[in-house]
Visitor: 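Provided herewith is a single structure, encoded as structure tokens, for subsequent inquiry.
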Amino acid sequence: MNAFEIIGGKTLHGDITPQGAKNEALQILCAALLTDKEIKLTNVPDIADVNTLIEVLDDMGVRVDRPDANTILLQADNVNPEYFLDPVFRTKSGRLRGAVMLAGPMLARFRKAYIPQPGGDKIGRRRLDTHIRGFEKLGIKFHYDTDQYLFTLDGSGMRGGNILLEEPSVTGTANIVMAAVLAPGSTVIYNAACEPYVQQLCHMLNLMGAHITGIGSNLLMITGVDSLGGCEHKMRADMIEVGSFIGLAAMTKSAITIKNAGVMHLGIIPETFEKLGIELQIHADDIHIPAQEHYRIQKFIDGSILTVYDHPWPGFTPDLLSIILVVATQAKGTLLIHQKMFETRLFFVDKLIDMGAQIVLCDPHRAVIIGHDRQQLLRGLDMVSPDIRAGVALLIAALSAQGKSVIQNIQQIDRGYERIDERLNALGADIRRVQTH
């Protein structure tokens with residue numbers, strides 16, 4: 001097992017470029033199954049989750065080539081649809097939530113698919129109802145094996161359909177869109193997720209020859225085509241990394257410039273950090289965060305305590321609530337965090353409390369943070385990363401803390417952040433990757 005040893009309290013300085021978007025990459029990689037022509041992907045993040053999915057595609061018979069760093073060539077001209085029943089696939093997909101999005105392309109191209117119970121973070125229930133019920137509206141029949149925890153999907157009767165999603169699920173929308181692009185007739189998806197990841201997927205599919213309109217809205221209209229071709233696609237900057245770096249700069253009183261941040265596609269992320277009193281200077285596609293000794297949390301117009309909560313796009317992404325929570329511990333003022341989506345994503349706050357933060361965990365979904373205004377700095381601690389986003393939030397806390405911290409279970413962090421220790425050390429951080437027993 002690997003761990004990070006961090007010596008905190010150091011001021012960072014310099015430029016950093018965010019990796020390609022993890023959540024986009026997982027969708028785009030699955031979409032390569034929709035054609036037997038070559039797909040070229042660039043700015044692909046070199047992270048554990050993405051690499052696991054690439055391994056799965058390779059195991060299925062997809063030809064994989066890596067001509068350059070962060071560039072992948074894929075050609076799915078010899079796919080084995082029965083691979084999903086292989087115990088090796090069950091093991092790998094059990095580590096990866098994104099594997100569920102293989103189902104849509106497999107149904108579109110081969111008219112059958114299998115979905116095991118998804119893996120990924122231990123952050124609460126992750127139902128597949130949105131996926132399965134959406135597939136049903138496309139004429140797909142399913143059987144669930146309660147002993148094997150396996151969905152078997154029959155797409156022999158696939159056709160276009162009208163779908164009203166019960167929730168704007170990102171992976172559910174992506175899965176249904178990928179199934180619908182090769183289904184005969186027209187499909188309308190209402191209450192579709194419209195996150196930048198889904199927009200990128202739809203733009204790529206159109207490059208391949210799909211007919212999708214309404215991109216960027218919650219109403220997608222798809223006219224099925226007979227086949228799709230190849231294309232070249234570049235991943236956008238990972239907005240979760242951008243937000244993480246903004247929080248890091250504020251917590252460590254550092255002057256950092258985020259290069260090629262994809263500013264046009266960040267939604268309300270910059271504005272939300274500004275509500276915490278963090279100064280941002282945007283120059284073209286770069287974001288400069290100047291060193292700040294203090295930052296003050298705003299209040300609502302009527303003077304009540306500010307609340308930050310997750311909401312489907314263009315609302316605030318749940319993946320950055322952990323960062324907002326940590327940043328608030330050293331602000332001046334009080335903040336209420338409301339994490340609506342997952343039951344256990346706030347359970348890492350006990351580590352922050354042990355580090356000296358003033359936080360009241362009201363229930364599994366809400367926490368009140370009373371900012372110290374740096375009057376009481378966090379102190380180093382030995383801790384365990386429970387999931388990707390909490391892991392990076394704890395890393396930021398450790399970098400701002402006095403003394404030494406150790407974070408165990410950093411494979412969770414490696415799942416979503418490319419060489420994060422090397423990249424932050426280049427800014428002046430002191431992070432060592434060590435072996436533990």
Visitor: According to side chain to side chain contact (heavy atoms under 4.5 Å, CB included), who are the partners of A103, at least two apart in sequence or on a separate chain?
Guide: A113, I115, F135, L153, N175
Visitor: Please check if the side chain of D373 supplies one atom and the backbone of Q375 the other of a donor-acceptor pair under 3.5 Å.
Guide: no
Visitor: Quick check: do L399 and I431 have side-chain heavy atoms less than 4.5 Å from each other?
Guide: yes
Visitor: So, the side chain of D285 versus the backbone of V263: is there a donor-acceptor pair under 3.5 Å, distance only?
Guide: yes
Visitor: Quick one: do D49 and R415 make a salt bridge, cutoff under 4.0 Å?
Guide: yes
Visitor: Is the shortest heavy-atom distance from the side chain of N23 to the side chain of E195 under 4.5 Å?
Guide: no
Visitor: So, taking the atom named CD1 in I240 and the one named CG in L266, what distance separates them when rounded to the nearest 0.5 Å?
Guide: 9.5 Å
Visitor: Run the numbers on L33 and M106 for side chain to side chain contact (heavy atoms under 4.5 Å, CB included), then give the verdict.
Guide: CA-CA 7 Å; L33 289 169; M106 292 300 294; 4.0 Å; yes
Visitor: Mind checking side-chain hydrogen bond (donor to acceptor under 3.5 Å, both in side chains) for N51 and listing every partner two or more places apart, or none if nothing turns up?
Guide: D46, R66
Visitor: Step by step, work out the side chain to side chain contact (heavy atoms under 4.5 Å, CB included) result for L306 and F300.
Guide: CA-CA 6 Å; L306 183 69; F300 285 121; 3.9 Å; yes
Visitor: How about R379 and D354: do any of their side-chain heavy atoms sit closer than 4.5 Å?
Guide: no
Visitor: Mind listing the closest non-hydrogen atom pair of M251 and V327 along with its distance?
Guide: SD-CA, 3.7 Å
Visitor: Could you walk me through whether K351 and L394 pass the side chain to side chain contact (heavy atoms under 4.5 Å, CB included) check?
Guide: CA-CA 8 Å; K351 316 292 194 309; L394 292 174; 3.9 Å; yes
Visitor: Using atom types as modelled and distance alone, determine if a side-chain donor or acceptor of E166 lies under 3.5 Å from a backbone N or O of D129.
Guide: no
Visitor: Just grab all the ring pair (Phe, Tyr, Trp, His ring centres under 6.0 Å) pairs involving residues 34-86, residues at least two apart or on different chains.
Guide: Y83-F89, F84-F89
Visitor: Sub-3.5 Å donor-acceptor pair from the side chain of Q200 to the main-chain atoms of E24, do we have one?
Guide: no
Visitor: Does D77 offer a backbone N or O that forms a donor-acceptor pair with the side chain of R63 under 3.5 Å?
Guide: no
Visitor: To the nearest 0.5 angstrom, please state how far the NZ atom of K275 sits from the OG1 atom of T307.
Guide: 10.0 Å
Visitor: Would you say that I269 contacts V242 through its side chain, given a criterion of any heavy-atom pair below 4.5 Å between the two side chains?
Guide: no
Visitor: Checking T173 side chain against A193 main chain: does a donor-acceptor pair fall under 3.5 Å?
Guide: yes
Visitor: How far apart are the closest heavy atoms of S169 and H131, and which atoms are they?
Guide: OG-NE2, 4.3 Å
Visitor: Have a look at E241 and tell me which of K259, R419, R236, R423 forms a salt bridge (charged side-chain N to carboxylate O under 4.0 Å, His left out) with it.
Guide: R423
Visitor: Hey, are the side chains of Y417 and S244 touching, using non-hydrogen atoms and a 4.5 Å cut-off?
Guide: yes
Visitor: Over all heavy atoms of both residues, which pair between C231 and M204 is shortest? Give the atoms and the distance, please.
Guide: SG-CG, 3.7 Å
Visitor: Does the N43 side chain pair with the main chain of K234, one donor and one acceptor, at a distance under 3.5 Å?
Guide: no
Visitor: At their closest point, which heavy atom of S217 faces which heavy atom of C194, and how far apart are they?
Guide: O-CB, 3.4 Å
Visitor: So which atom in A291 and which in K253 form the shortest heavy-atom distance, rounded to 0.1 Å?
Guide: CB-O, 3.4 Å
Visitor: Please find the pair of heavy atoms, one from S405 and one from M355, that lie closest to each other, and give the distance.
Guide: OG-CE, 4.3 Å
Visitor: Would you say that more than 12 heavy atoms from the other residues, nucleotides or ligands in this model lie under 6.0 Å from the CZ of F347, or not?
Guide: yes
Visitor: Answer whether the closest heavy-atom distance between the side chains of L201 and I28 falls below 4.5 Å.
Guide: yes
Visitor: Aromatic rings H338 and H365: how do their planes relate, parallel, tilted or perpendicular, breaks at 30° and 60°?
Guide: perpendicular
Visitor: May I ask you to say whether D430 pairs ionically with K404, meaning some side-chain N is under 4.0 Å from a carboxylate O?
Guide: no
Visitor: Apply salt bridge (charged side-chain N to carboxylate O under 4.0 Å, His left out) to D319 and R345, showing your working.
Guide: CA-CA 10 Å; D319 287 343; R345 218 171 198 177; 2.9 Å; yes
Visitor: Would you indicate whether the side-chain heavy atoms of I413 and F4 approach each other to under 4.5 Å?
Guide: yes
Visitor: Hey, does Y309 have a side-chain heavy atom less than 4.5 Å from the side chain of I337?
Guide: no
Visitor: Measure from the side-chain N and O atoms of Q339 to the backbone N and O of D310, and report whether any donor-acceptor pair falls under 3.5 Å.
Guide: no
Visitor: Would you mind checking if R433 and D414 are paired as a salt bridge, meaning a charged N to carboxylate O distance below 4.0 Å?
Guide: yes
Visitor: Is there a donor-acceptor pair closer than 3.5 Å between any side-chain N or O of D238 and the backbone N or O of K22?
Guide: yes
Visitor: In terms of side-chain heavy atoms, does N409 have a donor or acceptor partner in Q411 at a distance below 3.5 Å?
Guide: yes
Visitor: If I take atom CD1 from residue I305 and atom NZ from residue K299, how far apart are they, to the nearest 0.5 angstrom?
Guide: 7.5 Å
Visitor: Between L346 and L325, is a side chain to side chain contact (heavy atoms under 4.5 Å, CB included) present by the stated rule, with each step listed?
Guide: CA-CA 9 Å; L346 295 181; L325 191 153; 3.9 Å; yes
Visitor: When you measure from the side chain of N70 to the backbone of V44, do you find a donor-acceptor pair of N or O atoms at a distance under 3.5 Å?
Guide: yes
Visitor: How many angstroms lie between atom CG of L57 and atom CD1 of I72, to the nearest 0.5 angstrom?
Guide: 10.0 Å
Visitor: Quick check for you: to the nearest 0.5 Å, what is the distance between I410 atom CD1 and E5 atom CD?
Guide: 10.5 Å
Visitor: Could you measure the distance from the CD1 atom of I282 to the CD1 atom of I289? Nearest 0.5 Å is fine.
Guide: 9.5 Å
